[in-house]
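Numbers restart at 1 for each chain; the letters A, B, ... are given by sequence-line order, proteins then strands. Quick caveat, the model's predicted, so the values are computed rather than measured. No hydrogens, no waters, no symmetry mates; every other heavy atom, side chains included, goes into these values.
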2 protein chains.
Amino acid sequence: MAQTDTVTRILDTAEVLFAERGFAETSLRTITSKAKVNLAAVNYHFGSKKSLIQAVFSRYLDPFTERFHRALDELQAHYGDAVIPLEALLETMARSVLEVPAERNSLKVFMRLLGLAYSQAQGHLRRYIQEEYGSVFTRFTELVRQATPELPDAERFWRLHFMLGTVIFTLSGLDALRDIAEKDYGDHVTVRELIRRLRPVVVAAMQAPMTAPAPQSVQEA
Amino acid sequence: MAQTDTVTRILDTAEVLFAERGFAETSLRTITSKAKVNLAAVNYHFGSKKSLIQAVFSRYLDPFTERFHRALDELQAHYGDAVIPLEALLETMARSVLEVPAERNSLKVFMRLLGLAYSQAQGHLRRYIQEEYGSVFTRFTELVRQATPELPDAERFWRLHFMLGTVIFTLSGLDALRDIAEKDYGDHVTVRELIRRLRPVVVAAMQAPMTAPAPQSVQEA
DNA sequence: TCCAATGATAAACAGCTGTTTCAAACATGC
DNA sequence: GCATGTTTGAAACAGCTGTTTATCATTGGA
């Protein structure tokens, strides 16, 4: 065995580079040279670049989904048959997201990867994540449904994705935004502080009053 | 002159392909062959692939900023010295965004490109957009400042970017989200309808109550 | 001790990338 | 008509891409 496992050295290097520059823009040669590992090692241990990308995600998402499931278990046990309030659900999710990368001090990388998963072409990634980790999301949305019975299903779906966009966009572009905020407002913000700022905004957004559907006379695009 | 200008044929093809697959994942050969144009034409007319990417953005952003500036002029003329309410500002912005691509029936492409500009590596793009079109955004945020005097500057900055994330994330991933929504809720939504749904959410988010700063005892990441 | 399996290494592979070159075609002004 | 500047065309360029091969080293078990 080398001083640290070749596989984990590849994963450690790859996740940072992917987060910094995207998948297509990061070559295997860049990864392997920075990881002080032979080029062929990636294909030997992971099979292909695609699989390496998925492995990087699994290493974050597997512990996350496990923790999140457990946290939801506790939450449901605590509330029994009563409806879990929206704030508690959001709080639990936030805590689960924060806990995982705390073990490896890189929430920033985690969020940036999530952002890339949504925005980059990489259709295989979205499919992989959907198939592998879709069930947690389904469970969560069902609980949100019970917490917001006044919302029509479609409206809640869209608002949840509005908020997903808020979180992913903000946290994945964190460095750039933090620089601007610090320069313009002397406001050096930490991730935990950002999440504190996010909470009331997300709650207010989910509970915003609904407006009447657009009149049909308006032309469509 | 060919049946349509070589330059515009390149731009038309490039913007669609970029929106579909990202910048790094779209080769000049794919663009030129699909546009039925010689490979060298891109480098001849635009100089480089980088410049082509910027040209694609200019073609959207130049008309947009011009319209948006004009719309803000009218708004300020109408309200005189009075403070323009937040809803009116957001409404004006939404209208300006909607108007531009209506001329070329591709708001979807426009939004997807905006999303890519934020998420893709392409540091040159962010710099280009910032330098070229930053002034409109500055003007807009100043008006938002007057409309929300109760918010501290830093808080307003973050909330504006929260909402920017919401809009860009939603509209740039529109196709995928729409498919899910249609399958699960039979809800076939148009862009204009989505924007109608976005409005109350954004307003509520901007006007959400503030919570006290986190106690200093909490450890930071 | 020998064998087999596993892992690491360097080299080569075919294919694609953005860009350049230079000759041909074209249009335009005189 | 000729000469001018502009736009196209096919081909080549050097460089990088992911992947494969074949060789070598190292290990653990019989």
Quick one: which of D:dT6, D:dG18, D:dT20 gets closest to the side chain of A:Leu28?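 In terms of side-chain proximity for A:Leu28, the closest of D:dT6, D:dG18, D:dT20 is D:dG18.
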
Using distance alone, with no hydrogens and no angle criterion, decide if B:Arg139 and B:Gln76 have a side-chain donor and acceptor under 3.5 Å apart.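 Yes - a donor-acceptor pair under 3.5 Å links their side chains.
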
If we count only N and O atoms by modelled type, under 3.5 Å, do the side chains of A:Ser135 and A:Thr138 hold a donor and an acceptor together?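 A:Thr138 and A:Ser135 do not have a side-chain donor-acceptor pair below 3.5 Å.
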
OP1 or OP2 of D:dT6 under 4.0 Å from side-chain N/O of B:His45: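 Answer is no, no contact under 4.0 Å.
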
If you check every side-chain atom of B:Asn38, which of C:dG7, C:dT9, D:dA10 has the closest atom?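 Of C:dG7, C:dT9, D:dA10, D:dA10 is nearest to the side chain of B:Asn38.
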
Considering only C:dG18, D:dT6, C:dA12, which nucleotide approaches the side chain of B:Ser27 most closely?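 Side chain of B:Ser27 sits closest to C:dG18.
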
d(CD, A:Glu25; P, D:dT17) in whole Å: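 Those two atoms, CD and P, are 12 Å apart.
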
Rounded off to whole Å, could you give me the CZ-to-P distance for the B:Phe46 and C:dT19 pair?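 For the pair B:Phe46 CZ and C:dT19 P, the rounded distance is 13 Å.
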
Residues A:Asn38 and A:Tyr44: side-chain donor-acceptor under 3.5 angstrom: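 Absent: no donor and acceptor within the cut-off.
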
Name the residue closer to the 5' end of DNA chain C, choosing between A:Arg29 and B:Val42 according to the nucleotide with the nearest heavy atom.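 Counting from the 5' end, the first nearest nucleotide belongs to A:Arg29.
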
Roughly how many Å is it from NZ in B:Lys49 to P in D:dC16, rounded to a whole number?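 Whole-Å distance recorded here is 16 Å.
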
Quick one: B:Leu39 CG to D:dT7 P, roughly how many Å, whole number?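 Result: 18 Å.
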
With heavy atoms under 4.0 Å as the rule, sort B:Thr30 into base, sugar-phosphate or nothing.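 No contact.
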
Tell me the interatomic distance from A:Asp5, atom CG, to C:dT6, atom C1', rounded to whole angstroms.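 Taking CG of A:Asp5 and C1' of C:dT6, I get 13 Å after rounding.
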
May I ask you to check whether B:Tyr118 and A:Ser172 show a side-chain donor-acceptor distance below 3.5 Å?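 On atom types as modelled, these side chains do not qualify, holding no pair under 3.5 Å.
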
Over all strands shown, is A:Thr26 touching base, sugar-phosphate only, or nothing at heavy-atom distances under 4.0 angstrom?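 Sugar-phosphate: the residue A:Thr26, judged by heavy atoms under 4.0 Å, touches backbone atoms but no base.
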
Are A:Asn43 and D:dT19 close enough that a side-chain N or O sits under 4.0 Å from OP1 or OP2?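 Affirmative; the distance criterion is met.
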
Heavy atoms under 4.0 Å, any strand shown: does A:Ala41 hit a base, just sugar-phosphate, or nothing?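 Nothing, no nucleic acid heavy atom in range.
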
Is the phosphate of C:dG7 approached by A:Thr6 (side-chain N or O, under 4.0 Å from OP1 or OP2)?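 No, outside the criterion.
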
A:Ile31 CD1 to D:dG18 C1': how many Å, rounded?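 Distance, rounded to whole Å: 11 Å.
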
Check the distance between D:dT17's P and A:Leu52's CG and give it to me in whole angstrom.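 That distance rounds to 15 Å.
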
No-hydrogen, no-angle side-chain donor-acceptor test under 3.5 Å, B:Ser106 and B:Tyr60: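 There is such a pair between these side chains.
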
What integer distance in Å separates A:Tyr44:OH from D:dC24:P?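 Distance, rounded to whole Å: 18 Å.
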
